[in-house]
Protein chains: 4
Amino acid sequence: MRPENETEGRRRSFIEEARRRQIIAAAVEVISEVGYANASLARIAKRAGISKGVISYHFDGKDELMAELVIQLYVSGGEFMTPLIGAAVGPHDQLMTYLASNLQFIDANRIYVAVLTDVVLNLRNADGTLRFTSEGGEEPIIRPLIDILRAGQDTGVFGDFDPVVMAKVMRDTIDGAAGRAIREPDWDAGTYADEVCRLFDLATRKGKGE
Amino acid sequence: MRPENETEGRRRSFIEEARRRQIIAAAVEVISEVGYANASLARIAKRAGISKGVISYHFDGKDELMAELVIQLYVSGGEFMTPLIGAAVGPHDQLMTYLASNLQFIDANRIYVAVLTDVVLNLRNADGTLRFTSEGGEEPIIRPLIDILRAGQDTGVFGDFDPVVMAKVMRDTIDGAAGRAIREPDWDAGTYADEVCRLFDLATRKGKGE
Amino acid sequence: MRPENETEGRRRSFIEEARRRQIIAAAVEVISEVGYANASLARIAKRAGISKGVISYHFDGKDELMAELVIQLYVSGGEFMTPLIGAAVGPHDQLMTYLASNLQFIDANRIYVAVLTDVVLNLRNADGTLRFTSEGGEEPIIRPLIDILRAGQDTGVFGDFDPVVMAKVMRDTIDGAAGRAIREPDWDAGTYADEVCRLFDLATRKGKGE
Amino acid sequence: MRPENETEGRRRSFIEEARRRQIIAAAVEVISEVGYANASLARIAKRAGISKGVISYHFDGKDELMAELVIQLYVSGGEFMTPLIGAAVGPHDQLMTYLASNLQFIDANRIYVAVLTDVVLNLRNADGTLRFTSEGGEEPIIRPLIDILRAGQDTGVFGDFDPVVMAKVMRDTIDGAAGRAIREPDWDAGTYADEVCRLFDLATRKGKGE
DNA sequence: GATGAATGAGAGTTCATTCAT
DNA sequence: CATGAATGAACTCTCATTCAT
């Protein structure tokens with residue numbers, strides 16, 4: 001048995017990291033097929049081609065595995081979008097890029113997004129509260145969006161609206177699109193992105209008379 | 001024992017209907033506290049102050065209970081909003097009323113909405129597919145919204161946009177707001193509704209130059 | 001509620017007897033279809049078109065119902081065969097008639113015989129022992145057969161054999177035939193009876209050299 | 001967890017085979033005491049001194065356990081008798097050996113035979129049909145007996161009778177004896193076998209005048 | 001590091017029985 | 001007399017977790 005249970009950033013060997021990624025990958029596959037509720041460790045282990053005990057060995061328990069899965073998927077999403085948005089110039093372009101790249105990422109990673117959603121909406125703490133969607137937990141996620149909107153208002157590019165509410169609606173549009181990407185096989189990300197960009201362009205641009 | 005398994009509109013005694021509602025109410029409470037995945041029949045029965053067997057007696061099984069719960073909550077939502085929207089005149093007013101009344105209903109029924117979402121996203125058929133969010137299943141839900149948008153475009157009140165995508169974004173905004181109503185105790189439905197109405201008013205109205 | 005539970009020969013009203021027969025008839029049907037193990041009171045009540053409670057009202061419990069069922073079926077079998085055997089003259093004819101009439105009764109009452117067998121082999125006392133096939137319980141059943149065989153030996157019609165063993169083999173042949181009547185739809189009672197009579201005629205007749 | 005569900009001859013570790021045999025042995029004991037209908041997994045596990053889950057771990061379910069039990073008992077019966085019958089020479093000796101060795105085996109394995117009977121008469125498929133006594137399922141069991149009888153008739157050792165009916169009566173005699181071995185503690189297999197052999201010798205031998 | 005084996009709690013469901021109406 | 005409702009125990013089965021090897 002490992003000498004102790006690493007809770008934080010304790011160093012892990014390369015081989016151990018590989019095992020963890022392998023197990024998480026198997027978990028993603030299983031959840032995408034049968035849903036979080038039916039994704040037992042037995043099923044995940046069988047999918048990974050290993051024995052059940054290995055999972056318990058590498059993770060503190062099922063919950064830690066799921067939490068790690070969420071973090072890993074979320075990080076890989078950020079890695080995809082951050083450079084794209086950074087390359088855009090000015091609030092308007094940044095906003096459009098933010099929306100488009102998010103939808104594009106969803107389109108290219110439908111399964112991952114579906115699994116992420118499933119876990120986030122189901123994984124709970126011991127006291128019954130949701131682990132990831134707890135109050136205020138969204139703040140870091142929509143922070144950059146709010147910043148873009150505020151910058152646009154300050155520079156006179158955007159009109160007069162509540163940037164927090166606007167950011168939340170945008171976020172819900174993206175999350176909702178994630179659901180569509182899962183449920184609607186012929187959902188077309190490109191045209192959807194075009195329409196969404198146009199919509200929010202109209203909603204945020206400075207009015208003629210203003 | 002009930003004479004047979006009533007699938008459709010078989011008549012049920014008043015007392016039986018009362019029990020069914022009581023059990024559903026207990027299920028709603030339990031799910032709102034511990035989530036769908038942890039809402040066992042034992043917990044629901046204890047909450048209702050009855051024995052486990054009673055649930056099996058009045059419902060064909062856990063799944064039928066959950067399905068009934070969804071239907072009941074959904075129906076009560078429709079009963080709330082339909083008359084409001086019907087009273088509005090013209091596409092623009094109808095749209096604004098639709099958005100506002102939805103958000104208002106969510107605000108007044110936060111727990112119900114949260115539970116409804118939880119069950120809908122988790123209840124599955126025997127083959128593993130989601131029971132309520134199956135592809136195309138959304139159509140009847142956004143149908144009236146699309147009709148309003150199309151009517152507005154035909155009469156020249158609304159501008160040029162894809163009414164289906166627009167309706168979907170609106171729907172996602174409402175569903176997202178439902179999540180906020182649950183997670184953010186001080187979420188203010190009134191100001192949120194004002195901003196959302198303004199947003200979609202700008203996004204749908206006929207442009208000056210058009 | 002009835003003033004007391006009649007255990008023995010307490011008089012029952014005509015209407016009560018009718019109810020009891022109705023319930024037993026339903027039980028026979030159900031057992032013949034799903035077997036003793038799956039014949040729940042609920043199923044029997046549904047088949048009889050009455051409520052579950054009625055059974056508990058008219059019988060002391062499931063076991064008493066089953067015991068009554070066995071007795072009723074057994075009695076009706078005796079009523080069928082006794083006059084036939086009584087009409088035969090001489091041990092040889094009586095034996096042949098006994099065998100043939102038993103097989104004929106089985107043929108004409110396949111379902112009843114199957115159910116009788118099923119219950120007898122499964123109904124148990126509280127201590128786990130079989131209720132009907134307990135040691136020595138068979139004696140009254142093969143008694144008349146032994147008497148016929150002994151009479152034949154005494155009068156010199158039959159040869160020298162152990163009449164008890166011979167009677168038991170005959171009984172097992174009949175019981176076995178009951179099983180065949182159930183399992184083999186095209187089992188032909190007539191030719192089977194002919195062969196069985198011939199077989200036991202040869203086995204019991206006085207040898208040439210004796 | 002076992003890698004997969006072995007239906008056929010997949011290799012099992014020695015230790016797993018031992019466990020399976022241990023569980024089956026416990027099941028035999030329990031069934032012999034309380035009958036198939038009352039032989040719950042909980043009781044069997046307690047008798048084996050293990051936890052309930054172990055049974056589910058080693059068997060696919062209760063039904064597989066019971067089916068395995070039947071097969072194991074049946075095979076061990078065949079192993080006992082086949083060499084004995086093979087050693088006998090000529091139809092007459094083979095027939096006598098068949099009858100005697102069957103009764104001897106029953107005598108030496110009373111409990112096993114009783115349990116086998118109980119399970120065979122109760123274990124059912126999902127559709128309600130009996131699993132082991134399905135129509136035609138008896139054919140392989142009485143096949144060797146029929147062959148012996150036919151051979152005897154062809155060589156002129158046996159008289160003129162229907163070999164199939166004769167074989168069935170013999171089989172029923174043996175099965176019936178199994179029941180007696182269970183219910184009648186002082187049932188004497190030796191004298192019973194002598195009488196049975198004599199009986200069927202008379203019934204099958206070629207008549208003087210033929 | 002990894003495995004197979006075992007545990008024990010808890011899941012949904014069925015059932016015989018009881019009882020107020 | 002009969003019913004529908006409720007009980008509580010027992011059922012099979014699944015699960016996350018632990019542990020000796």
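Only heavy atoms go into these numbers, but all of them, side chains included; no hydrogens, no water, no symmetry mates. Every chain is numbered from 1 and lettered A, B, ... according to where its sequence line falls, protein lines coming before strand lines.
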**Q.** F59(C) side chain near I24(C) side chain, heavy-atom distance below 4.5 Å
**A.** yes
Q) Between Q22(A) (CD) and dA2(E) (P), how many Å, whole number? A) 9 Å
Q. Closest approach of Y36(D) and D118(D), non-hydrogen atoms and distance?
A. N-OD2, 2.9 Å
Q) To the nearest Å, how far apart are H58(B) NE2 and dG4(F) P? A) 12 Å
Q) Would E33(C) and R43(C) count as a salt bridge (Lys or Arg N to Asp or Glu O under 4.0 Å) if you check the C-alpha gap in whole Å, the side-chain angles of each, and the deciding distance to 0.1 Å? A) CA-CA 11 Å; E33(C) 288 168 10; R43(C) 251 199 262 241; over 6 Å; no
Q.
If I take atom CD1 in residue I23(C) and atom C1' in nucleotide dA16(E), what distance separates them, rounded to the nearest angstrom?
A. 15 Å
Q) Out of dG12(E), dC13(F), dA5(F), which has the shortest distance to the side chain of E16(B)? A) dA5(F)
Q) Think S40(B) has a side-chain N or O under 4.0 angstrom from the OP1 or OP2 of dG10(E)? A) no
Q. Heavy atoms under 4.0 Å, any strand shown: does I55(C) hit a base, just sugar-phosphate, or nothing?
A. nothing
Q. Do N125(B) side-chain atoms and D127(B) backbone N/O form a donor-acceptor pair below 3.5 Å?
A. no
Q: Using a 4.5 Å cut-off on heavy atoms from C-beta on, say whether the side chain of R131(D) contacts that of D63(D).
A: yes
Q.
Can you tell me if Y112(B) has over 12 outside heavy atoms packed within less than 6.0 Å of its OH?
A. no
**Q.** Protein-nucleotide distance (Y36(A), atom OH; dC15(F), atom P), rounded to Å
**A.** 13 Å
Q | Protein-nucleotide distance (E17(D), atom CD; dG4(E), atom P), rounded to Å | A | 16 Å
**Q.** Close side-chain approach of T117(D) and L121(C), heavy atoms under 4.5 Å
**A.** no
Q. Taking C-beta and beyond as the side chain, do V119(A) and L73(A) meet within less than 4.5 Å on heavy atoms?
A. no
Q: From the options dT17(F), dT7(F), dC13(F), select the nucleotide whose nearest atom is closest to the side chain of V54(B).
A: dT7(F)
Q.
OP1 or OP2 of dA5(E) versus the side-chain N and O atoms of S13(D): is any pair under 4.0 Å?
A. yes
Q | First of I15(B) and I15(C) reached from the 5' end of DNA chain F, by closest nucleotide | A | I15(C)
**Q.** Toward the 5' end of DNA chain E, by each residue's nearest nucleotide, A39(B) or D63(C)
**A.** A39(B)
Q: Return the residues of residues 41-53 of chain D meeting this criterion: a heavy atom under 4.0 Å from some atom of DNA chain E. Order them by number, or give none.
A: I50(D), S51(D), K52(D), G53(D)
Q. So, for I55(D) and I44(D), which heavy atoms are closest and what is the spacing to 0.1 Å?
A. CD1-CG2, 3.9 Å
Q | Length of the line joining N122(B):CG and dA11(E):C1', which is rounded to integer Å | A | 16 Å
(Q) Just the rounded figure in Å: distance from P of dA2(E) to CZ of R20(A). (A) 13 Å
**Q.** Secondary-structure notation, DNA chain F, from Watson-Crick and G-U pairs under 3.5 angstrom (| other strand)
**A.** .||||||||||||||||||||
(Q) Holding to side-chain contact (heavy atoms from CB on, under 4.5 Å), I want the full list of residues that pass it with A48(A), two or more places apart in sequence or in another chain. (A) Q22(A), A26(A), I50(A)
Q. Looking only at side-chain N and O atoms, does Y57(D) come under 4.0 Å of OP1 or OP2 in dA6(E)?
A. no
(Q) Expressed as a whole number of angstroms, how long is the span from N38(B):CG to dG12(E):C1'? (A) 15 Å
